[in-house]
Amino acid sequence: VDMDIKDDMAKDSNLNKDYTTLLEMWREEKKQRQALQTEVEELKASLARAKEDHQYDNLVHQKELDELSKKYRRRINEKL
C-alpha cells in the first residue's frame, strides 16, 4: 500500500512538473506571438506610409512632367 501511495505521489509530481513546463512554454510562446503581432502592426504602418510617400512622389513627378511637356509644346509652337 505504501508503494502505491509513493507511485501516486511520483505520478502527481511528474504531472505537476509537466504542467509547469507546459505553462512556461505557453507563456513564452504568448510573449513571442505578442511581440510578432506588434512587429507586424509596425510593418503595416510603415508600408502604408511608404505607399503614401510613393503616391505623393508620383503625383509630384507627373506634375513636373506635365509642366515640362507644356513648356516644350510652347517652344515648338513658337518656332512654328
Side-chain angles (χ1 to χ4, degrees):
V1 176
D2 284 338
M3 201 59 157
D4 290 341
I5 292 173
K6 287 182 182 178
D7 286 344
D8 287 345
M9 289 175 65
K11 287 179 187 176
D12 286 347
S13 177
N14 287 338
L15 283 175
N16 282 335
K17 287 178 187 175
D18 290 346
Y19 174 79
T20 302
T21 301
L22 287 172
L23 189 58
E24 289 172 3
M25 290 171 61
W26 178 81
R27 286 179 178 150
E28 184 61 31
E29 186 274 335
K30 183 178 179 182
K31 286 179 191 175
Q32 291 174 354
R33 186 172 15 95
Q34 288 173 335
L36 289 172
Q37 286 174 337
T38 300
E39 184 178 356
V40 165
E41 293 306 316
E42 290 170 356
L43 289 170
K44 283 181 181 179
S46 178
L47 178 61
R49 283 190 299 275
K51 284 182 176 180
E52 288 174 3
D53 290 347
H54 181 72
Q55 189 176 27
Y56 176 79
D57 289 345
N58 282 344
L59 290 172
V60 169
H61 294 309
Q62 187 60 48
K63 184 177 177 183
E64 290 171 348
L65 287 172
D66 290 345
E67 289 172 2
L68 287 172
S69 177
K70 285 179 187 177
K71 286 180 184 178
Y72 181 72
R73 276 189 251 129
R74 269 191 239 134
R75 286 184 183 168
I76 290 176
N77 287 337
E78 289 172 3
K79 290 181 180 182
L80 294 176

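Counting from 1, the numbers follow the sequence of the chain as shown. The figures that follow rest on heavy atoms only: side chains count, while hydrogens, waters and symmetry mates do not.
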**Complete:** Those residues at least two apart in sequence (or on a different chain) that pass side-chain contact (heavy atoms from CB on, under 4.5 Å) with K30 are W26, R33, Q34

**Asked** Atom CE of M25 and atom CG of D18: how far apart are they, to the nearest 0.5 Å?
**Response** 10.5 Å

**Asked** Do the side chains of Q37 and E41 get nearer than 4.5 Å, heavy atoms only?
**Response** no

**Message:** I'd like to know if the side chain of T21 and the backbone of K17 have a donor-acceptor N/O pair within less than 3.5 Å.
**Reply:** yes

**Request:** Enter the distance from K51:NZ to H54:NE2 here, rounded to the nearest 0.5 Å.
**Result:** 10.5 Å

**Message:** With no hydrogens and no angle check, just 3.5 Å: does a side-chain donor-acceptor pair link Q62 and N58?
**Reply:** no

**Prompt:** Considering only heavy atoms from C-beta outward, does the side chain of R73 approach that of S69 to under 4.5 Å?
**Reply:** yes

**Prompt:** Can you tell me how far CD of Q55 sits from CG of D57, rounded to the nearest 0.5 angstrom?
**Reply:** 10.5 Å

**Message:** Let me confirm one number: the CG-CG distance from L47 to L43, rounded to the nearest 0.5 Å.
**Reply:** 8.5 Å

**Prompt:** What is the distance from atom NZ of K31 to atom CZ of R27, rounded to the nearest 0.5 Å?
**Reply:** 8.5 Å

**Prompt:** What's the spacing between I5 CD1 and D12 CG if we round to 0.5 Å?
**Reply:** 11.5 Å

**Side-chain donor/acceptor of T20 to backbone N/O of N16, under 3.5 Å** = yes

**Request:** Could you pull out all residues at least two apart from E64 that satisfy side-chain contact (heavy atoms from CB on, under 4.5 Å)?
**Result:** V60, H61

